[in-house]
Undergrad: 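One structure is given below, represented as structure tokens, and several questions about it will come after.
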2 protein chains.
Amino acid sequence: MKFLSRAEELLLLALWKITEEPYGVNIRKFVSDITGKYWSIGAIYVPLDRLESKGYVQSYLSGPTPERGGKSKRYYKITEDGLEALREVQKMNSTLWDDMPDLSTKKL
Amino acid sequence: MKFLSRAEELLLLALWKITEEPYGVNIRKFVSDITGKYWSIGAIYVPLDRLESKGYVQSYLSGPTPERGGKSKRYYKITEDGLEALREVQKMNSTLWDDMPDLSTKKL
DNA sequence: AAATTATTTCTACTTTGTAGAAATTATCAT
DNA sequence: ATGATAATTTCTACAAAGTAGAAATAATTT
């Protein structure tokens with residue numbers, strides 16, 4: 001099995017952590033907040049779609065809500081395979097980083 | 001600044017951690033050992049080259065050694081910019097993972 | 001001088017990342 | 001009802017990164 005890319009890791013983790021309304025806008029907010037960087041719309045949906053074709057996430061459309069108009073939301077959730085992939089990066093991250101000192105204090 | 005990709009992270013970390021002879025073969029061994037996966041030759045050198053053009057690593061050729069023949073080794077080292085990039089992923093990784101439970105025990 | 005060896009260099013192709021315009025579908029205002 | 005407005009997704013095109021391995025290089029050994 002291949003390792004998740006950074007974006008895939010971020011998105012799956014978002015799906016793991018977001019409790020309310022895991023749809024495009026909230027997912028994008030989550031990754032923007034956590035990374036402190038701008039994420040275009042495509043940078044969210046395109047990788048999510050690809051994760052779906054790999055079977056790492058599943059999605060479904062909500063019915064219309066009594067809120068403001070617009071297209072209906074697509075909710076995403078992580079699958080068992082997605083979780084397994086996340087387990088693998090967690091393990092690799094430990095291997096890689098657990099023995100590392102805090103680099104913010106290190107000089108070259 | 002953009003985040004390092006997974007491969008870039010692995011390679012820079014390798015350069016941080018490898019103490020002896022940080023050249024292609026040893027770098028490849030390091031990442032293979034740590035990831036437990038096969039890494040083609042190109043999967044090492046091409047990203048290293050690209051890291052060099054970004055200024056994250058520097059390299060130089062060794063003179064001929066009194067060992068067995070062959071082309072001379074190219075030694076790599078991380079630069080200050082590379083280290084800074086590594087600091088950033090370290091920080092983001094903490095933000096992302098420090099509050100996560102051990103997923104190996106978690107069911108969906 | 002030919003064979004062998006260690007290593008790097010190069011190239012072509014696949015996959016992933018990224019940006020944003022266009023399309024869709026709902027509600028609101030008149 | 002109809003048009004304006006709003007929220008969201010879908011789509012597309014291009015840029016960047018990942019990947020595999022054959023070919024080139026340059027040293028030593030026979």
Side-chain angles (χ1 to χ4, degrees), chain A residues 1-12 14 18 20-32 35 37-76 85 89, chain B residues 1-12 14 20-32 35 37-76 82 85 89:
Chain A
M1 200 193 272
K2 285 194 63 260
F3 284 120
L4 296 172
S5 71
R6 178 127 7 241
E8 290 172 329
E9 172 184 341
L10 235 17
L11 289 168
L12 290 186
I18 289 174
E20 305 207 2
E21 303 233 75
Y23 76 112
V25 173
N26 285 348
I27 294 168
R28 188 176 176 208
K29 175 154 191 343
F30 180 94
V31 300
S32 300
T35 60
K37 300 201 192 304
Y38 172 81
W39 288 69
S40 72
I41 292 177
I44 301 296
Y45 284 106
V46 172
L48 275 176
D49 279 5
R50 290 172 184 161
L51 282 171
E52 184 153 33
S53 16
K54 291 181 191 163
Y56 288 3
V57 312
Q58 243 189 285
S59 77
Y60 57 96
L61 288 170
S62 71
T65 55
E67 290 153 30
R68 195 71 194 69
K71 208 169 177 178
S72 53
K73 298 170 181 169
R74 179 176 290 280
Y75 291 102
Y76 292 88
V89 287
Chain B
M1 201 193 272
K2 285 194 63 259
F3 285 120
L4 296 172
S5 70
R6 178 130 4 243
E8 289 171 330
E9 173 185 340
L10 236 16
L11 289 168
L12 290 185
E20 306 206 1
E21 301 234 76
Y23 76 112
V25 173
N26 285 349
I27 294 169
R28 188 177 176 207
K29 175 154 191 344
F30 180 94
V31 301
S32 300
T35 60
K37 300 199 191 304
Y38 173 81
W39 288 69
S40 72
I41 292 177
I44 300 296
Y45 284 106
V46 173
L48 274 176
D49 278 4
R50 290 174 184 161
L51 282 171
E52 184 153 32
S53 15
K54 291 181 192 163
Y56 288 3
V57 311
Q58 243 189 285
S59 77
Y60 56 98
L61 288 170
S62 72
T65 56
E67 292 153 27
R68 193 72 196 70
K71 208 169 177 177
S72 54
K73 298 172 181 168
R74 179 175 290 280
Y75 291 102
Y76 291 89
V89 286

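Below, read A as the first sequence line, B as the second, and so on, with proteins coming before strands; counting in each chain starts at 1.
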Undergrad: Identify the heavy atoms of A:Trp39 and A:Arg28 that sit nearest to each other, and give their distance.
TA: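 Of all heavy-atom pairs spanning A:Trp39 and A:Arg28, the closest is O-NE, 2.6 Å.
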Undergrad: Would you check if the side chain of B:Lys54 reaches a backbone N or O of B:Gly82 as a donor-acceptor pair within less than 3.5 Å?
TA: no
Undergrad: Does NZ in A:Lys29 sit with more than 12 non-hydrogen atoms of other residues, nucleotides or ligands closer than 6.0 Å?
TA: no
Undergrad: NA contact type, A:Gly24, heavy-atom cut-off 4.0 Å: base, sugar-phosphate, or nothing?
TA: sugar-phosphate
Undergrad: Closest approach to the side chain of B:Lys71, judged atom by atom: which nucleotide of C:dA21, D:dG21, D:dT25 is it?
TA: D:dT25
Undergrad: Rounded to the nearest angstrom, tell me the gap between atom NZ in B:Lys73 and atom C1' in D:dA27.
TA: 12 Å
Undergrad: Rounding to an integer number of Å, can you tell me how far A:Ile27 CD1 sits from D:dT10 P?
TA: 12 Å
Undergrad: If I take atom CG in residue A:Leu61 and atom P in nucleotide C:dT25, what distance separates them, rounded to the nearest angstrom?
TA: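 Rounded to whole Å, this separation is 10 Å.
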Undergrad: Give a yes/no answer on whether the side chain of B:Ser40 brings an N or O atom under 4.0 Å of OP1 or OP2 in D:dA20.
TA: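 For D:dA20, OP1/OP2 do have a side-chain N/O of B:Ser40 under 4.0 Å.
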Undergrad: Quick one: list whatever passes side chain to side chain donor-acceptor pair (under 3.5 Å) with B:Arg6, sequence neighbours left out.
TA: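 Side chain to side chain donor-acceptor pair (under 3.5 Å) check on B:Arg6 returns A:Glu9.
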Undergrad: In this structure, how many angstroms lie between the P atom of C:dT25 and the CZ atom of A:Arg74, rounded?
TA: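 Going from CZ in A:Arg74 over to P in C:dT25 covers 12 Å.
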Undergrad: Rounded to whole angstroms, how far apart are OH on A:Tyr23 and C1' on C:dA26?
TA: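 Atom OH in A:Tyr23 sits about 14 Å away from atom C1' in C:dA26.
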Undergrad: Taking all heavy atoms of B:Leu61 and all of B:Ser72, pick out the closest pair and write down the distance.
TA: CD2-O, 3.9 Å
Undergrad: A:Ile18 and A:Ile27: which non-hydrogen atoms are nearest, and at how many Å?
TA: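 Nearest heavy atoms, A:Ile18 then A:Ile27: CD1-CA, 3.8 Å.
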Undergrad: When both hydrogen-bonding distances must be under 3.5 Å and the geometry is Watson-Crick or G-U wobble, what is D:dA4 paired with, if anything?
TA: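 Pairing partner, where one exists within any strand: C:dT27.
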Undergrad: With rounding to the nearest 0.5 Å, note down the distance linking NZ in B:Lys73 to CG in B:Asn26.
TA: 7.5 Å
Undergrad: Quick one: which protein N/O atoms are closer than 3.5 Å to N/O atoms of nucleotides 13-17 of chain C? Pair and distance per line, please.
TA:
| residue | atom | partner | partner atom | Å |
| --- | --- | --- | --- | --- |
| C:dT16 | OP1 | A:Lys54 | NZ | 3.1 |
| C:dG17 | OP1 | A:Ser5 | OG | 2.6 |
| C:dG17 | N7 | A:Arg50 | NH1 | 2.7 |
| C:dG17 | O6 | A:Arg50 | NH2 | 3.4 |

Undergrad: Just how far, in rounded Å, is P of C:dA22 from CD1 of A:Ile41?
TA: 13 Å
Undergrad: Could you check how far CZ of B:Arg28 sits from C1' of C:dA6, rounded to whole Å?
TA: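 Going from B:Arg28 (CZ) to C:dA6 (C1'), I get 13 Å.
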Undergrad: Choosing from C:dG20, D:dT19, D:dG21, which nucleotide comes nearest the side chain of B:Tyr38?
TA: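 Comparing C:dG20, D:dT19, D:dG21 against the side chain of B:Tyr38, the answer is D:dG21.
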Undergrad: Could you give the CD-to-C1' distance, from B:Glu9 to D:dG18, as a whole number of Å?
TA: 15 Å
